Amino acid sequence: MRRNPIINFLREYGPFLLLGAVLGLPLAYLTHRLTTNRALEKEIAELKENVAAKAEAIENIKARYAATDDQLKRLEKYPSEQIVCLAIEDQDGSSVTQAVADVTLYMADRSAIRETQTATNGVCLFRATTPLAIAYTITHGSYYTTKGHQAFNGTPLNYYDPALLYGRKLTLQLKKKNTPVPHYAKHVRVELPDNNRPVGFDLQAGDLVAPYGKGSIADLTLCYHTDTTPEPQEVTSNTLTFAVAHGGFQTQSGDTWSELRTSSRAPSGGYTPNWTLTRIWQSEKLTKDDYLPTASYIAFCVPARETSADGSLNYGKIYGPISYANALGDASGGVVNFTYYYNPAPGDRTIEFAPSANLLKDGYRTRISEP
């Protein structure tokens, strides 16, 4: 009897196939698992690195929020307590120590406190409850006094100190006293007798030249001109002109916060020979009104009376306000008021005046305390 070939094959090779199946499947499985585990280990390592980096970032964020939270808690506990910081500097930006700050702080409840501090390292700190404004006077023996005031309404808090108090910081400047020198200085009031006729002014005498005053040398001239055109559109103009043949005038911005409004020296150039103010009325309505603001001044130079190797010009300054108007009575000229300072040293551009050394002695009009 002939056997089935399949049965014969299984009888001959079956044990070997069974053994291969028993051994091969686990090996394949183990190889697959090993490959999978290595991939997972790599992925897990990368995840751990990312988690560590994220954890560090989270801790940094938590630290910042914690600090902010402390500040917020402080503000919640003291919502109205603030610091007003005054940083006092010289013109070069360096801190001024031992400056004395006399301040008045105005509060929201309409109360006010006054306090005086001596600056430590150029800084004064004042604590206040809901401050709305401050007025201050800063003094120091080597500097000119600084005065001013500042309203806080609507301005953001810009100061923070280690005590977790917020507030506002003001940087204030002091002008150093250099070398104040004697000047001829005077509050002038003169009447120019004729319309549109220049008259000489003597800066050392503080008056018009003869025969209109006590002066003898015309350092500069003043001219007042008034003119009126007839109706129907009546126009009246008043003009005041300062003039000098060999020299000039130059408008400068002043510092109203400082005791010394001007710079300590006059400009070396840029002067014009005439300086004019004009006021115009048209149909009784003021349409133009030139004036010298208190915050400005005029630097001037005029020919020196005595020449020297330093130059042939003398320098000075004129403070505002300057007033000018028609003379009263029958006079056709005008009345002029201004304050001037004149340094008689040829070539010296110093316009820092020593009030105790006024070279003019002419009653109350020469009692000038402003440098």
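Only a predicted model underlies this, so the values are computations on that prediction, with no experimental measurement involved.
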Before you tell me yes or no, could you show the steps for Phe300 and Leu203 under side chain to side chain contact (heavy atoms under 4.5 Å, CB included), namely the whole-Å CA-CA distance, both residues' side-chain angles and the distance that decides it to 0.1 Å? CA-CA 12 Å; Phe300 67 83; Leu203 292 168; 3.8 Å; yes

Counting distance only, does the side-chain N/O of [X] pair as donor-acceptor with the main-chain N or O of [Y] below 3.5 Å?
X	Y	result
Thr272	Asn274	yes
Arg127	Ile83	no
Asn195	Gly333	no
Lys169	Ala87	no
Tyr144	Lys177	no

Smallest separation among heavy atoms of [X] and [Y], with atom names:
X	Y	value
Ala299	Tyr271	O-CE2, 3.5 Å
Val244	Gly247	CG1-C, 3.5 Å
Leu132	Met107	CD1-O, 3.8 Å
Ser95	Gly122	CB-CA, 4.0 Å
Val84	Pro131	CG2-CG, 4.2 Å
Gly215	Ala205	CA-CB, 3.9 Å

Listed once per pair and sorted, the ring-ring contact (aromatic ring centres under 6.0 Å, His included) pairs that draw on residues 176-203, sequence neighbours left out: His183-Phe353, Phe201-Phe338, Phe201-Tyr340

Could you see if [X] belongs to whatever hydrophobic cluster contains [Y]? Use Ile, Leu, Val, Met, Phe, Trp, Tyr and a side-chain cutoff under 4.5 Å.
X	Y	result
Leu170	Leu174	yes
Val190	Ile368	no
Val188	Leu360	yes
Ile298	Leu277	yes
Ile217	Val209	no

If we ignore angles and hydrogens, is there a donor and acceptor under 3.5 Å between the side chains of [X] and [Y]?
X	Y	result
Tyr324	Asn337	no
Gln82	Arg168	yes
Asn238	Tyr224	yes
Ser94	Asp92	no
Thr251	Ser296	no

To the nearest 0.5 Å, how far apart are [atom1] in [X] and [atom2] in [Y]?
X	Y	atom1	atom2	result
Tyr212	Leu192	OH	CG	10.0 Å
Leu260	Lys176	CG	NZ	13.5 Å
Ile88	Leu86	CD1	CG	6.0 Å
Phe242	Leu222	CZ	CG	5.5 Å
Leu105	Ser111	CG	OG	9.5 Å
Ile138	Leu172	CD1	CG	5.5 Å

Salt bridge (Lys or Arg N to Asp or Glu O under 4.0 Å) against [X], all qualifying residues, sequence neighbours excluded:
X	answer
Arg279	Asp289
Asp202	Arg305
Arg110	none
Lys175	Asp255

Side chains of [X] and [Y] in contact at under 4.5 Å (non-hydrogen atoms):
X	Y	result
Cys223	Arg197	no
Pro321	Thr294	yes
Asp227	Ser237	yes
Trp275	Leu240	no
Arg189	Val335	yes
Tyr106	Ile134	no
Tyr315	Tyr342	no
Asp348	Arg265	yes

[X]: which residues meet the side-chain contact (heavy atoms from CB on, under 4.5 Å) condition with it, sequence neighbours left out?
X	result
Glu89	Thr171
Thr221	Pro198, Ala243
Ala357	Pro182, Ala354

With a sphere of 6.0 Å drawn around CG of Asp109, does it hold more than 12 non-hydrogen atoms of other residues, nucleotides or ligands?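 Enclosed.
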
Can you list the residues that meet the side-chain hydrogen bond (donor to acceptor under 3.5 Å, both in side chains) rule with Gln252, with sequence neighbours excluded? Gln250

Checking Tyr143 now: which residues fulfil ring-ring contact (aromatic ring centres under 6.0 Å, His included) with it, not counting sequence neighbours? His140

Would you check, one step at a time, whether the test side chain to side chain contact (heavy atoms under 4.5 Å, CB included) holds for Val103 with Arg114? CA-CA 6 Å; Val103 307; Arg114 183 173 179 180; over 6 Å; no

Can you check side chain to side chain contact (heavy atoms under 4.5 Å, CB included) on Leu286 and Lys288, steps first, answer last? CA-CA 6 Å; Leu286 186 63; Lys288 182 176 182 179; over 6 Å; no

Tabulate below the donor-acceptor pairs under 3.5 Å that side-chain atoms of residues 145-152 make, not counting sequence neighbours, or state none.
{"residue": "Thr146", "atom": "OG1", "partner": "Gln173", "partner atom": "O", "Å": "2.7"}

Going by side-chain hydrogen bond (donor to acceptor under 3.5 Å, both in side chains), name the pairs with one or both residues in residues 360-371, residues two or more places apart or in two chains. Lys186-Asp362, Arg261-Glu370

Testing Leu220, Asn314, Leu313, Asn343 for side-chain contact (heavy atoms from CB on, under 4.5 Å) with Cys301, which one passes?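 The residue from Leu220, Asn314, Leu313, Asn343 that satisfies side-chain contact (heavy atoms from CB on, under 4.5 Å) with Cys301 turns out to be Leu313.
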
